[in-house]
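In listed order, ligands and their atoms are each counted from 1. Throughout, numbering of the chain's residues begins at 1 and tracks the sequence. Everything quoted here is computed from the prediction, not taken from an experiment.
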Amino acid sequence: MGNGINAKIKLSNGVEIPALGLGVWRVNDENELRTACKTALEAGYRHIDTASAYNNEDMVGRAIADFADRKNIFITTKLWNADHLNAEAAFERSLKNLRTDYVDLYLIHWPSQKNDNYPAAWKSLVKIYESGKARAIGVSNFHKVHIEKIIGATGVAPHMNQVERHPLLQQKGLADYCAGLGTAMTAYSPLASGHLGDIADKIRPVAEKHGKTAAQVILRWHFQTGWVLIPKSVTPGRIIENAQIFDFELDQADMAVIASIENGSRFLPNPETANF
Ligand code: NDP
């Protein structure tokens with residue numbers, strides 16, 4: 001796994017995913033996105049997390065083409081709910097937007113109970129994986145009930161489950177269930193999606209002890225607990241700050257402080273009741 005900016009987590013099929021990625025949800029100004037990607041790549045990030053629903057795959061594709069060597073970058077993108085029955089065509093559109101002929105990780109974005117087509121979508125992702133155009137496949141916002149359903153339909157467990165996770169919502173039960181399947185975990189909204197202020201005061205003593213910021217302590221906690229983390233920032237100084245988490249270690253007392261903060265708060269919809 002390693003313990004530096006090049007740290008990676010091995011998926012069940014042997015593919016290695018960089019533990020730190022840059023999230024780009026709600027980044028739709030191309031100059032802002034290019035600056036964020038360029039700053040991140042210069043700081044050593046090698047993983048970008050996008051989605052067809054973010055309407056910026058094309059901008060991400062142009063930024064990677066301009067600032068990096070595609071084969072050195074791990075690209076994650078996601079299938080939107082409206083495309084569950086047209087996953088292969090949607091995937092080809094994502095490839096075109098991203099200016100690439102493969103993605104590193106392709107995820108079903110939400111289980112979308114509205115039409116219950118996600119098991120069919122998973123069958124298509126398995127086909128895409130078998131074609132070699134996605135190096136790994138997985139899901140996002142899937143709870144046990146959803147994962148059981150897709151495994152029931154295909155016999156294939158996801159390589160990854162990307163879910164909301166931060167100190168207020170630590171997801172231990174879901175992570176334990178996924179570990180049993182060999183499914184790795186990615187923390188989205190790892191800094192509580194703009195609600196860092198709700199947590200920072202409680203983390204401050206730990207941050208001061210290590211000479212780090214509250215954001216760095218939280219990101220380090222994700223890393224030390226074995227999760228991939230994809231903080232979003234368009235602020236160059238923060239993008240760099242969020243990568244400076246590999247030169248200190250949280251001890252048991254620090255971990256206990258973070259464990260005590262959990263209260264179940266979510267900033268994104270609950271996947272079991274979301275209806276879109
Ligand atoms: P984050 O938890 O990453 O928080 C982002 C917010 O925190 C922004 O307002 C950012 O501000 C601010 N921020 C970033 N770094 C720091 C710092 N060091 N100090 C203080 N503030 C900071 O939220 P997101 O919800 O964006 O989640 C991250 C990524 O996860 C998304 O971009 C997306 O890729 C993925 N995601 C996936 C979802 C899914 O359904 N699969 C759902 C939600 C997110 P600023 O940018 O102004 O610097």
Side-chain angles (χ1 to χ4, degrees), residues 17-29 31-33 35-37 39-40 43 45 47-57 59-60 74-81 98 103-112 118 137-143 146 158 160-171 174 184-201 203-204 207 212-223 227-245 265-272 274 276:
I17 177 168
L20 174 67
L22 177 72
V24 295
W25 179 37
R26 293 187 283 206
V27 189
N28 294 101
D29 175 277
N31 284 332
E32 198 166 55
L33 185 134
T35 302
C37 288
T39 307
Y45 291 62
H47 170 190
I48 298 179
D49 182 273
T50 183
S52 61
Y54 300 170
N55 290 316
N56 60 15
E57 285 177 316
M59 300 180 206
V60 170
F74 192 102
I75 303 178
T76 300
T77 195
K78 314 184 192 90
L79 173 73
W80 187 240
N81 302 357
L98 288 161
V103 298
D104 296 280
L105 178 60
Y106 195 45
L107 306 177
I108 299 179
H109 205 149
W110 286 85
S112 184
Y118 61 89
I137 51 171
V139 293
S140 178
N141 296 297
F142 274 47
H143 285 182
H146 310 116
M160 176 62 74
N161 189 12
Q162 179 182 126
V163 296
E164 179 174 350
R165 191 212 193 204
H166 39 71
L168 302 179
L169 182 71
Q170 304 197 5
Q171 301 277 25
L174 183 59
M185 303 300 291
T186 296
Y188 81 59
S189 304
L191 295 171
S193 204
H195 299 263
L196 188 60
D198 298 5
I199 316 172
D201 279 351
I203 303 271
R204 195 150 293 125
K212 291 285 177 181
T213 64
Q216 288 170 322
V217 166
I218 294 168
L219 295 174
R220 177 74 200 183
W221 165 75
H222 287 294
F223 177 66
W227 287 62
V228 174
L229 47 137
I230 48 171
K232 171 264 175 185
S233 179
V234 291
T235 312
R238 288 176 174 171
I239 293 170
I240 294 165
E241 173 187 332
N242 293 346
Q244 291 171 340
I245 59 164
S265 294
R266 290 176 185 276
F267 301 107
L268 276 287
N270 184 329
E272 286 180 45
F276 52 85

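- Scored by the salt bridge (Lys or Arg N to Asp or Glu O under 4.0 Å) test, Lys232 finds no partners at all (sequence neighbours excluded).
- Annotation: side chain of Ile137 is not in contact with side chain of Pro158 (no heavy-atom distance under 4.5 Å).
- The ring-ring contact (aromatic ring centres under 6.0 Å, His included) test applied to His222 returns no partner, not counting sequence neighbours.
- Aromatic ring centres of Tyr54 and His109: separated by under 6.0 Å.
- The side-chain hydrogen bond (donor to acceptor under 3.5 Å, both in side chains) test applied to Ser193 returns Arg26, not counting sequence neighbours.
- Each of Gly23, Val24, Trp25, Asp49, Tyr54, Lys78, His109, Trp110, Ser140, Asn141, Gln162, Tyr188, Ser189, Pro190, Leu191, Ala192, Ser193, Gly194, Leu196, Ala215, Ile230, Pro231, Lys232, Ser233, Val234, Thr235, Arg238, Glu241, Asn242 has a non-hydrogen atom positioned under 4.0 Å from some atom of ligand 1.
- At least one side-chain heavy atom of Met160 sits under 4.5 Å from a side-chain heavy atom of Val228.
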